[in-house]
Amino acid sequence: MKPARVRFAPSPTGRLHIGGARTALYNVLLAKQTGGQFILRIEDTDTKRTVAGALEELQAGLRWLGLDWQEGPDIGGPHAPYTQQARKALYQRYAEELLARGHAYRCFCTAERLQQVREAQQKAKQSPRYDGTCRALSPVEAERRAAAGEPFTIRFKLPKDGATTAHDHVRGDITVDNTTLDDFILVKSDGLALYHLAAMVDDHEMGISHVLRGTEWLGTFPLHVLIIRAFGWEEPVWCHLSVFLKPSGKGKMSKRDVTSEQSIYVAELEELGYLSEAVNSWMALMGASFGAEEELLSLDEMAARFDLGNLNPSAARVNFEKLDDFNGKWIRRLAVDDLAGRVRPFFEKAGLHPDPDTLRRVTPLFQPRIVTLDDAVEMAGFFFRPAVSPRPEDLLIKGQTPEQSRAALQAARTGLAAVPEWQHAALEAPMRALAESLGLKAGQFFGVLRAAVTGQSVSPPLFECMEVVGRETTLARLAQAEALVGPA
RNA sequence: GCCCCUAUCGUCUAGUGGACCAGGACGCGGCCCUUUCAAGGCCAAAACUGGGGUUCGAAUCCCCAUAGGGGCACCA
């Protein structure tokens, strides 16, 4: 396959969410696979909707996911600039070409009039469509009014009859009756092009070979093809990707409909403790298949297996359980040092400052026990806190008096103090023996010791914890527990 | 209201006319392992939306119905 030139062309109007990120991902995969280029282009022709900071978050999100671009607004490239506002003059030129060749006309209707027409049509249960008033104007008359300073938009002149067939690679031919299409606006009265014109011009100018975009564009797809044909340009390969639906399956995915532990925003997923690898694997599999038994694939592995023919045309419900599963699995695959490094910011955020050495020893202990990086704080935070505060009821042996529990704790402390080498393997045997001599089940006894030493009822294996916590601290925490259970 | 798209286990999907009494993963249930919690291993339940065609043969092709989704701006 020839090197593909692909692009991700978001508008800077909101946050990067998994729908957009997945579109970017598929584009990147195709570029990687074919040794082509992935281009980031900003569709900011609607100046009113631009949101401050959106572009920055967008780029940060893509970078975090490892979806790097070879040409873009920040790094430039052979077709700079990569923001559409800055390309205004280019679209103007092309619009005039369409005007000159009779594929477009000037429209002097005001926004207010258009609004009224539309409302009347809707009231009459008709499809809202431009009524063609200015299409009937002679070019000479239109020229005169424009020269007189009357504001106008430029509309595309659609074929009055017949049908248009456009080819989508994932759905096949799509045919629409031209009478159902509208003489849509190419250039606004402020002189800036609308998406439809701007995107087609840019795709052409930038040599885009494949357009992978969301299904929200399927409705205007024939329009875009018509523009390209009016210019006589070569068409890219079109792939309209399926949408993500809410977990409930009712409607397009949105911010609502997810719990506080979930998010559809890439930036929030990162904050929640998800790995970019897991997010990529997860997004990739909702809407495509990679012909592999293994579901957890790196970007390079996915690129090698990516196939435009395996894109799924139907909508997919977002499934957060699967993300959790993938994240846990990716965490378990990480090298210890890698995981330790990734988990550190989450401890810091919780106000803990693990020393590197201890963190490295502790990491294998929580590695199989966490789903998100953030979980490590709950599971292993006690290693880095100066003191623990167990719940008194966790210190009591079920069915026994507080005195007996205290005695057991004390016996453990004495026994542990006598162990010559402070290693978890050496700690376990005497404690098991002690449990037996106290007439307790090991699990019961260990549960109390766990609460005393870790302050938690759930923790990594007890003796590993003791080893890392150290002899002195372990014994001190046992003594504290005795006091908590009651006076001697 | 109009246009377009889609339709396999609860969910993500495999399946591209015979190799399918439909395979995998998540989730759910059970068992094993086990000091808690996990992880890990094993086992199980669970689907071709309905109806018509085409064909020797249909989950796969066609039509209709139904359901779901997307779109119908001087937004993208």
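All values derive from a computational prediction rather than experimental measurement.
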I'd like the 5' and 3' limits of the part of RNA chain B contacted by chain A, with heavy-atom contacts below 4.0 Å. B:G1 to B:A76
Which part of the nucleic acid, if any, lies within contact of A:K123, taking any heavy atom under 4.0 Å across all strands shown: a base, the sugar-phosphate backbone alone, or nothing? nothing
Just call it for A:R450: base, sugar-phosphate, or nothing, with non-hydrogen atoms closer than 4.0 Å on any strand. base
Assess the side chains of A:T50 and A:D44: does a donor N or O sit below 3.5 Å from an acceptor N or O? no
Does the structure show a Watson-Crick or G-U wobble partner for B:U34, both distances under 3.5 Å? Name it, or say none. none
Which part of the nucleic acid does A:S127 contact within heavy-atom distance under 4.0 Å: base, sugar-phosphate only, or nothing? base
Taking B:U6 as the reference, what is the distance to B:U13 when you measure between their P atoms (whole Å, please)? 15 Å
Which residue pairs satisfy the side chain to side chain donor-acceptor pair (under 3.5 Å) criterion with at least one member in residues 434-456 of chain A, sequence neighbours excluded? A:R450-A:S459
P-based separation of B:G50 from B:C72 [nearest Å]: 33 Å
Please work out if A:A111 contacts a base, only the sugar-phosphate, or nothing of the nucleic acid, heavy-atom cut-off 4.0 Å. base
Scan A:L194 against the nucleic acid and name what it touches under 4.0 Å (heavy atoms): base, sugar-phosphate only, or nothing. sugar-phosphate
When all nucleic acid strands are considered with a 4.0 Å heavy-atom cut-off, which category describes A:R129: base, sugar-phosphate, or nothing? nothing
Tell me what A:C109 touches on the nucleic acid: a base, only sugar-phosphate, or nothing, going by heavy atoms under 4.0 Å. base
Give one of base, sugar-phosphate or nothing for A:L218, where a contact means two heavy atoms less than 4.0 Å apart. sugar-phosphate
Go ahead and name the base partner of B:G68; Watson-Crick or wobble counts if both distances stay under 3.5 Å, otherwise write none. B:C5
The Watson-Crick or G-U wobble partner of B:A25, with both key distances under 3.5 Å, is B:U11
With a non-hydrogen cut-off below 4.0 angstrom, is A:R317 in contact with a base, only sugar-phosphate, or nothing? sugar-phosphate
Could you tell me whether A:K125 contacts a base, only the sugar-phosphate backbone, or nothing, with contacts defined as non-hydrogen atoms closer than 4.0 Å? sugar-phosphate
Checking base pairs now: Watson-Crick or wobble, both atom distances under 3.5 Å. What partners B:C48? none
Please report whether the ring centroid of A:F8 lies less than 6.0 Å from that of A:W69. no
Less than 3.5 Å apart, any donor N or O on the side chain of A:E205 or A:Y94 sitting next to an acceptor on the other? yes
Any side-chain heavy-atom pair of A:M466 and A:H424 under 4.5 Å: no
Pairwise P distance, B:A45 and B:G69 [rounded to whole Å]: 33 Å
Using atom C1' of each nucleotide, how far apart are B:C28 and B:A44 to the nearest Å? 11 Å
Which part of the nucleic acid does A:P10 contact within heavy-atom distance under 4.0 Å: base, sugar-phosphate only, or nothing? nothing
So A:K157 and A:D183, salt bridge (charged side-chain N to carboxylate O under 4.0 Å, His left out) or not? Walk me through it. CA-CA 6 Å; A:K157 191 185 278 180; A:D183 278 1; over 6 Å; no
Under a 3.5 Å threshold, yes or no: a donor from one side chain and an acceptor from the other, between A:H240 and A:R213? yes
Between A:T133 and A:R113, do the side chains contain an N or O donor and an N or O acceptor separated by less than 3.5 Å? yes
Using the P atom in both, what is the distance from B:A14 to B:U49, to the nearest Å? 14 Å
Hey, mind stepping through A:K329 and A:E295 against salt bridge (charged side-chain N to carboxylate O under 4.0 Å, His left out) and telling me if it holds? CA-CA 10 Å; A:K329 283 177 175 160; A:E295 292 190 310; 5.7 Å; no
Base, sugar-phosphate, or nothing: which does A:S289 touch, judged by heavy atoms less than 4.0 Å apart? sugar-phosphate
Would you indicate what A:T215 reaches in the nucleic acid, counting non-hydrogen atoms under 4.0 angstrom: base, sugar-phosphate, or nothing? sugar-phosphate
Is the cationic atom of A:R15 (NZ for Lys, CZ for Arg) positioned less than 6.0 Å from the six-membered ring centroid of A:Y265 and within 45 degrees of its normal? yes
So what does A:P128 hit on the nucleic acid, given a heavy-atom distance under 4.0 Å: a base, only sugar-phosphate, or nothing? base
Spacing of the C1' atoms in B:G15 and B:G24 (rounded, Å): 12 Å
Do the ring centers of A:F184 and A:Y130 come within less than 6.0 Å of each other? no
Need to verify one output field. Residue with the more 5' nearest nucleotide on RNA chain B, A:G309 or A:W217? A:G309
Under a 4.5 Å cut-off applied to non-hydrogen side-chain atoms, are A:R22 and A:W282 in contact? no
Given the P atoms of B:A73 and B:A67, what is the spacing between them in whole Å? 26 Å
Looking only at atom P, what distance separates B:A58 and B:C62, rounded to whole Å? 15 Å
With a 4.0 Å heavy-atom cut-off, tell me which residues in residues 281-288 of chain A come close to RNA chain B, sorted by residue number. A:L285, A:M286, A:G287
Closest-nucleotide ordering on RNA chain B, the 5'-leading residue of A:G172 and A:T153: A:G172
Does B:U60 pair with anything, Watson-Crick or G-U wobble, both distances under 3.5 Å, and if so, with which nucleotide? none
